[in-house]
Amino acid sequence: EDQVTQSPEALRLQEGESSSLNCSYTVSGLRGLFWYRQDPGKGPEFLFTLYSAGEEKEKERLKATLTKKESFLHITAPKPEDSATYLCAVQTNAGNNRKLIWGLGTSLAVNP
Amino acid sequence: DAGVIQSPRHEVTEMGQEVTLRCKPISGHDYLFWYRQTMMRGLELLIYFNNNVPIDDSGMPEDRFSAKMPNASFSTLKIQPSEPRDSAVYFCASSLLRSRAAQHFGDGTRLSIL
């Protein structure tokens, strides 16, 4: 069964304390892996798409990487405004499938 | 550019009442998705449309749920009759045609069924 697992469930960092969030997946074939950020009371906001193992994408203090079994979202020198829930989702290769399989997210709190 | 627009933002109603949620996708997007989000189950896909045609409704929990897309700029999700276990945040998202296009979300409707 296709599955996406995110860890940790929650993470509390001090401002400037770098860390990584993990998204591990078990799918029959990967078409793409998506990272989103969700703020309270808002919809998920798209951050990155990764397509193949070894690929990396960067945006400000965030860098996403991908292997054949997992993806990491590295947060370098985070600021309080990086506090949010980070969601990972996987699209499989099945046909013209547009479904995304979602993880439950990592809730990140960055203290000033 | 305007993003995905959902209405209402909040809905509180009594069990048994009909609920209609509305969505306007991003102009030019070919796909529209309806999701439900709860703490326990996270984001669950209910149904998605391509060019106004329903493609996969396997996530619709019961016959009480129905969705329509009468044109490219409007979709509704209806629950009739509503039950307390339907309480959740409902999101609409849209995406472009290309196969790996990211989905872009509205800010959701927080639904409470008393």
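On a predicted model such as this, the values are computed, not experimentally measured, just so you know. The sequence lines fix the lettering, A, B, ..., with proteins before strands; numbering per chain opens at 1.
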- Query: Could you walk me through whether A:L100 and B:Y35 pass the side chain to side chain contact (heavy atoms under 4.5 Å, CB included) check?
  - Reply: CA-CA 11 Å; A:L100 296 180; B:Y35 285 91; 4.2 Å; yes
With only heavy atoms counted, which part of [X] is less than 4.5 Å from chain A, the side chain, the backbone, both or neither?
{"X": "B:L45", "value": "side chain"}
{"X": "B:T109", "value": "neither"}
{"X": "B:R9", "value": "side chain"}
{"X": "B:Q103", "value": "both"}

- Message: Just so I understand: if I count every heavy-atom pair under 4.5 Å between each of B:Q37, B:R110, B:H104 and chain A, which residue has the most?
- Response: B:Q37
- Message: Please identify, among B:A93, B:A102, B:C92, B:G108, the residue contributing the most non-hydrogen atom pairs under 4.5 Å to chain A.
- Response: B:A102
- Message: To the nearest 0.5 Å, what is the distance between CZ on A:R98 and CG on B:D30?
- Response: 8.0 Å
- Query: From B:D107 CG over to A:D39 CG, what is the distance, rounded to the nearest 0.5 angstrom?
  - Reply: 9.5 Å
- Taking the side chain as every heavy atom from C-beta outward, state whether A:K99 and B:D56 have any pair of such atoms under 4.5 Å apart. yes
Contacting moiety of [X], where chain B heavy atoms sit under 4.5 Å:
{"X": "A:I101", "result": "neither"}
{"X": "A:E45", "result": "neither"}
{"X": "A:Y36", "result": "side chain"}

- Please check if atom NZ in A:K57 has more than 12 non-hydrogen atoms from other residues, nucleotides or ligands closer than 6.0 Å. yes
- Message: Looking at B:E14, I want to see if its CD is surrounded by more than 12 non-hydrogen atoms of other residues, nucleotides or ligands under 6.0 Å.
- Response: no
- Decide yes or no on ring pair (Phe, Tyr, Trp, His ring centres under 6.0 Å) for B:F33 and A:W102, but give the supporting numbers first. CA-CA 14 Å; B:F33 305 82; A:W102 293 84; 9.8 Å; no
- Message: Within residues 61-72 of chain B, which residues come under 4.5 Å of chain A, heavy atom to heavy atom?
- Response: none
- Query: Applying a criterion of heavy atom separation less than 4.5 Å, what residues of residues 59-68 of chain A form contacts with chain B?
  - Reply: none
